[in-house]
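Count residues from 1 along the sequence.
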Amino acid sequence: MGDELKTAAAWAKELALPEKKLKEALKAAGLEPDAKKGVCAYYAQATIEKARKGLQ
């Protein structure tokens, strides 16, 4: 996986957001992971930004 794809937990830590809130925002917006490896879901920054707009 490249640096641009990270788990929701990694994005939450980087953006100083609660992980639970970010995951709820992703689900509420109906956003799917950009990649999956096993059970791990990876998101691109653009997808995370869409979810963050739902938090504001």
Side-chain angles (χ1 to χ4, degrees):
M1 296 283 135
D3 287 344
E4 68 279 349
L5 292 177
K6 299 178 186 175
T7 63
W11 279 115
K13 185 176 180 181
E14 182 176 315
L15 300 171
L17 295 171
E19 182 181 342
K20 184 176 179 181
K21 291 235 184 230
L22 183 58
K23 286 183 176 183
E24 288 173 353
L26 286 164
K27 187 174 182 179
L31 298 170
E32 294 293 322
D34 295 298
K36 285 193 81 147
K37 186 173 183 182
V39 297
C40 296
Y42 294 89
Y43 299 92
Q45 186 170 2
T47 304
I48 296 299
E49 289 301 321
K50 290 176 190 175
R52 280 183 65 190
K53 287 180 184 176
L55 291 173
Q56 298 172 350

Could you pull out every donor-acceptor pair under 3.5 Å between side chains of residues 22-31 and any protein atom, sequence neighbours left out?
residue: K23; atom: NZ; partner: E19; partner atom: OE2; Å: 2.9

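- Taking both residues in full, the closest heavy atoms of L5 and A35 are given as CD1-CB, 3.9 Å, listed atom of the first, atom of the second, then distance.
- L15 CG to Q45 CD: the interatomic distance, rounded to the nearest 0.5 Å, is 7.5 Å.
- Shortest non-hydrogen contact noted between K37 and Y42 is CB-CE1, 3.9 Å.
- Each salt bridge (Lys or Arg N to Asp or Glu O under 4.0 Å) pair with one or both residues in residues 47-56, not counting sequence neighbours, appears once here: E49-R52.
- Annotation: the span from I48 atom CD1 to E14 atom CD amounts to 10.0 Å, rounded to 0.5 Å.
- In this structure the side chain of T7 never reaches within 4.5 angstrom of the side chain of Y43, judged on heavy atoms.
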